[in-house]
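Reckoned from all heavy atoms, side chains included, excluding hydrogens, waters and symmetry mates. Bear in mind the structure is a predicted one, so any value in this text is a computation, not a measurement.
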Amino acid sequence: TEVLKTPKSSTRHERVALVVDDSQVIRKKLAKILSSQQFKVLEAADTVEADRLMLENDVHFLTVDLHMPGLDGVSWIKKVRARGVQIPAV
């Protein structure tokens, strides 16, 4: 089990959003919307990549697809919450 460390790859005042979706089209549309709201946007095509990005970055907001290959969005959010991460997720 990985321990969630305090990542430092974003600046102190930067808001970071992570978009997790297996559809590149959806990721790009959500990234455009979030970027327009002054978020730095990270994208992950699956939950494995999302886990890596969560460990490497100080993420403030998540969007997660419910139906993805491998671990589905709901199960992944439960896993993230079990690690103590309580950031907003849609």
Going by the rule side chain to side chain contact (heavy atoms under 4.5 Å, CB included), which residues pair with Ala89 if we only count those two or more places apart in sequence or in a different chain? Leu62, Ile77, Arg81
Flag side-chain contact, heavy atom, 4.5 Å: Leu42 against Asn57: yes
Tell me whether the count of non-hydrogen atoms from other residues, nucleotides or ligands lying under 6.0 Å of CD in Gln24 goes above 12. no
Taking only residues two or more places apart in sequence, or in another chain, which ones meet Asp72 in a side chain to side chain donor-acceptor pair (under 3.5 Å)? Ser75
Residues in side chain to side chain contact (heavy atoms under 4.5 Å, CB included) with Val25, at least two apart? Ser23, Lys29
Check for a donor-acceptor pair, side chain of Glu56 on one end and backbone N or O of Met54 on the other, with a separation under 3.5 Å. no
Could you tell me the separation between the CG atom of Asp46 and the CZ atom of Arg52, rounded to the nearest 0.5 Å? 9.5 Å
Least distance between heavy atoms, Ala50 atom then Ala44 atom: N-CB, 3.6 Å
Holding to side chain to side chain contact (heavy atoms under 4.5 Å, CB included), I want the full list of residues that pass it with Ala17, two or more places apart in sequence or in another chain. Leu34, Phe39, Phe61
Please confirm whether the backbone N or O of Val16 pairs with a side-chain atom of His60, one donor and one acceptor, at under 3.5 Å? yes
Can you list everything that forms a salt bridge (Lys or Arg N to Asp or Glu O under 4.0 Å) with Lys79? Sequence neighbours excluded, please. Asp51
For Lys28, all residues meeting salt bridge (Lys or Arg N to Asp or Glu O under 4.0 Å), sequence neighbours excluded: Glu43
Other members of the hydrophobic cluster containing Leu66, with the 4.5 Å side-chain heavy-atom rule, please. Val74
For Leu30, give me all partners under side chain to side chain contact (heavy atoms under 4.5 Å, CB included), at least two apart in sequence or on another chain. Val19, Ile26, Thr63
Determine whether Glu49 and Val20 make a side-chain contact, defined as any pair of heavy atoms from C-beta on separated by less than 4.5 Å. no
Counting only N and O atoms by type, is there a donor-acceptor contact under 3.5 Å from the side chain of Asp65 to the main-chain atoms of Met68? no
My understanding is that only residues two or more places apart in sequence, or in another chain, count here; which of them pass side chain to side chain donor-acceptor pair (under 3.5 Å) with Ser35? none
Can Leu18 be reached from Val64 by stepping across I, L, V, M, F, W or Y side chains whose heavy atoms are under 4.5 Å apart? yes
Expected output: side-chain Arg83 to main-chain Lys78 donor-acceptor under 3.5 Å: no
